[in-house]
There are 4 protein chains.
Amino acid sequence: MAQIAVKQRADATRNRERIMAAAREVLLEYGADAPLDEVARRAGVGNATVYRHFADRQELAIQVAHSVMDRIADRAERLLIEEPDPFDALRAFVHEAADERVGALCPMLVARFGQGEPRLEEGRVRLQGAVARLMEAARRSGRLRDDIDVGDLMVAISQLTRPLPGSHCDMSRFIHRHLQLFVDGLEAPARSPLPGSSVTLEDLRGRD
Amino acid sequence: MAQIAVKQRADATRNRERIMAAAREVLLEYGADAPLDEVARRAGVGNATVYRHFADRQELAIQVAHSVMDRIADRAERLLIEEPDPFDALRAFVHEAADERVGALCPMLVARFGQGEPRLEEGRVRLQGAVARLMEAARRSGRLRDDIDVGDLMVAISQLTRPLPGSHCDMSRFIHRHLQLFVDGLEAPARSPLPGSSVTLEDLRGRD
Amino acid sequence: MAQIAVKQRADATRNRERIMAAAREVLLEYGADAPLDEVARRAGVGNATVYRHFADRQELAIQVAHSVMDRIADRAERLLIEEPDPFDALRAFVHEAADERVGALCPMLVARFGQGEPRLEEGRVRLQGAVARLMEAARRSGRLRDDIDVGDLMVAISQLTRPLPGSHCDMSRFIHRHLQLFVDGLEAPARSPLPGSSVTLEDLRGRD
Amino acid sequence: MAQIAVKQRADATRNRERIMAAAREVLLEYGADAPLDEVARRAGVGNATVYRHFADRQELAIQVAHSVMDRIADRAERLLIEEPDPFDALRAFVHEAADERVGALCPMLVARFGQGEPRLEEGRVRLQGAVARLMEAARRSGRLRDDIDVGDLMVAISQLTRPLPGSHCDMSRFIHRHLQLFVDGLEAPARSPLPGSSVTLEDLRGRD
DNA sequence: AATGAATGAGGGTTCATTCAT
DNA sequence: AATGAATGAACCCTCATTCAT
């Protein structure tokens, strides 16, 4: 009996992971409106099994976003420790975040899906903290201009790495160019004064 | 009699313009698959009226994209003439393009609906030509790094100015910051070598 | 003033006729659900003009059917007078009715549209009377089997000459073969006893 | 376990059959453009259930047509064997075909959906073959006139058995009369020469 | 726990009919 | 009288979600 229960749980866990992986793929390909039946198909499970593990599409999206944020926060923390030059670390972080498809998978994080969702809030706080520390170190090293904020960086990465709408191409060839140009613009000394002010949480939450 | 004819046409023309304006907004918010019923709702007309003016979603999208491209090409050409410093002209262009949402709308619509559509092709060629001239002038003035291409600029503007998904906030406060940072990265001398290569039309068209 | 009024009425009459002619064509091509905008287009008038002349699609259909029935009744009456052999007259009538497209245009008459519509009722009565006289004469001449009724003939003609659904071909090549075979079956002496009973008005009216 | 599996399948199978039956009726009444929502309504299922079982209207139509053709081809083959007199067999076949609505459904569906559809082609060939053998036998027995072709018979059955448009009456009482008259016309010796030529597949396919 | 089946709601598009000029 | 424009309702099809086994 116990064995059976254990075996079932192992199967279920495996299913859960396959669904998450499939969801990542499918969300990347189809965008936020991806058909969940396609997720189920690729995970090799029945459609209803997706719902057993994730109450609805929001729940699934949240968990995918959370796992992506978590991985990126890991990287930020590791780079802060391992990379001697903090500005180089920041630059490397930007490119690695792109490779994790933060732009494709986490816009839902900054937006509607995340409204008051504690897990995302927690992931965001952790990620933002790690990036803030990276930026602080870079700023102290004198290579990062001091008129920018974490929000500026996070949103710009997210935007620059978002899939081109309607175009399912591999963007890696040029995304890293754009990120490189953007990071060049972050380097001190500032080449121009910045207008406006940084993105705030209220901006992300929107007005409705 | 003439008055009557004019007035009828005026009503229809006004509807047409309201639909175009609504479509601009809705396409920005929802992407190329935006519900046309929402366009109709915002334009304050019945859904079928949209179809009276635009045979299908492609026709509507093409006309929206064309009008945006046209307006922004106008600006590029004017700036090239009126602004004494070509790099300043380029910077001004980037900010003005953001105000016209050219970046957000056009790549999306061109990618989705532009296949062999002569009106879009013509608009794209004209816009790209104007921007190329701006960049060429800036490059000759020595202030624009010479390892970037028109495609890099156009797509980066596009991405940085796209609405945050699900968030209906006014982005102008921080979009111009991000653009400013990006343009700072474009200034000569280049602060880092660029990886990859520029975006091509084939990229926009996607792989399927 | 009077002249203007007369001229207008003449124009209107001409429009009415053009609409009827166009409706005949379009009903033949598209069936009973033909788009009225197409009728307007072929008549060379605005769509609303169709509605000025015919309150709705039923009104238009009724008038078209009435005119067809009228023409066919004319032919039946003429054949009764002019053709020496009454069975030959009946056979000729069947083929001429096909040429008038009675099968294509009048099923809507015998059906939905005609419910309690006095003009159709009148047209039907007149046509049925003329055909009954033809059949009576043929029966008296000894060449028409005497176990069939007007309803049998009218419905069979209508059915055999209806357009093949979904197929917009010219049926004249084979319709007349089928009619010929059917009329051969009407000739006395009867080659087999007939089952059932003839079509009644109640049948045509349906049960709902 | 097996029971469970069987029961699930039994439910679905039952729905499938109810949909097919409803489709048969609805296609008869409304033609090839029948609203599938009406099919669903009569089958007592949700509209999407129709699409779960049949990918699109073509698939549904094809399966309906195929099943009808199959059943009636069975009958033709059985009659050829069991009925001693081949002309009587042919006459019986005509009446049985009417009961299966083969005439009304199949030409319609073949014409509209049969283009290069192997299942329909196969069904049509089988049915046509069986009828051809029936006719050939009847012709050899000397009771069938020899100037008619399979196409003549099939299309005439089709036309004579189609539901009266807009009238939901039970036609069996008089349809068999009309068929009987038509078959009387097929009997040798021919009472009149036939004009035109037989229906071809190209006729069914129409000109556009 | 897992699943195939069922479903209702939503968006695109067409068309009969009405409105305003 | 005539018309172009507007509209809402209908139908197709897809998909997120629920149900029953």
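Naming convention: chains lettered A, B, ... in sequence-line order (proteins, then strands); numbering from 1 in each chain.
- In the set F:dA1, E:dA1, E:dC15, E:dC15 carries the atom at the smallest distance from any side-chain atom of B:Ala48.
- Seen from the ring of C:Tyr51, C:Arg57 does not count as a face-on cation partner, given the 6.0 Å and 45° thresholds.
- Put simply, A:Asn15 has a side-chain N or O that comes within less than 4.0 Å of OP1 or OP2 on E:dA2.
- Along DNA chain F, the nucleotide nearest D:Arg57 and the nucleotide nearest C:Val50 are compared for position; the residue whose nucleotide lies closer to the 5' end is C:Val50.
- In this entry the distance linking CG of D:Asp11 with C1' of E:dG4 reads 11 Å, nearest Å.
- Protein atom OH of D:Tyr30 is 11 Å distant from nucleotide atom P of F:dC12, rounded to whole Å.
- Two residues, B:Ala34 and C:Asp56, neighbour DNA chain E, and the one matched to the more 5' nucleotide by heavy-atom proximity is B:Ala34.
- Two end axes, each from the C1' atoms of five base pairs, can be drawn for the helix from E:dA2-F:dT21 to E:dT21-F:dA2; they diverge by 30°, to 10 degrees.
- Rounded to an integer number of Å, the gap from CG of B:Asp33 to C1' of E:dG10 is 14 Å.
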For this session: Quick one: do C:Asn47 and C:Val50 satisfy side-chain contact (heavy atoms from CB on, under 4.5 Å)? Show the steps, please.
Result: CA-CA 6 Å; C:Asn47 57 356; C:Val50 175; 5.7 Å; no
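- When distances run from any side-chain atom of B:Asp37 to the nucleotides E:dT13, E:dA16, F:dT3, the shortest one goes to E:dT13.
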For this session: List the steps and the verdict of side-chain contact (heavy atoms from CB on, under 4.5 Å) for C:Arg14 and C:Arg18.
Result: CA-CA 6 Å; C:Arg14 186 151 163 278; C:Arg18 291 171 64 172; 3.4 Å; yes
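- Phosphate contact (OP1/OP2 of F:dG4, side-chain N/O of B:Arg52, threshold under 4.0 Å): absent.
- Distance, A:Gln58 CD to F:dC15 P: 20 Å, rounded to whole Å.
- Within 6.0 Å of CZ on B:Arg101 lie no more than 12 heavy atoms contributed by other residues, nucleotides or ligands.
- Annotation: side chain of D:Gln63 is in contact with side chain of D:Arg119 (closest heavy-atom distance under 4.5 Å).
- Distances from the side chain of D:Tyr51 to the nucleotides F:dC12, E:dT3, E:dA5 place F:dC12 closest.
- Contact check, B:His53 against F:dA6: a side-chain N or O comes under 4.0 Å of OP1 or OP2.
- Along DNA chain E, the nucleotide nearest B:Asn47 and the nucleotide nearest D:Thr49 are compared for position; the residue whose nucleotide lies closer to the 5' end is D:Thr49.
- Rounded to whole Å, atom P of E:dG4 lies 22 Å from atom CZ of D:Arg14.
- One interatomic measurement links the two molecules: CZ of A:Arg18 to C1' of E:dA1, which rounds to 15 Å at whole-angstrom precision.
- The CD atom of B:Glu38 sits 10 Å away from the P atom of E:dG12 (whole-angstrom rounding).
- Atom-to-atom, CZ of D:Arg16 to P of E:dA5 comes out at 10 Å; the value is rounded to the nearest Å.
- Two residues are said to be in side-chain contact when any heavy atoms from C-beta on lie closer than 4.5 Å; B:Gln58 and B:Glu117 meet this criterion.
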Exercise. Can you list the steps and then say if D:Arg24 with D:Glu29 is a salt bridge (charged side-chain N to carboxylate O under 4.0 Å, His left out)?
Worked result: CA-CA 9 Å; D:Arg24 235 179 79 150; D:Glu29 279 182 39; over 6 Å; no
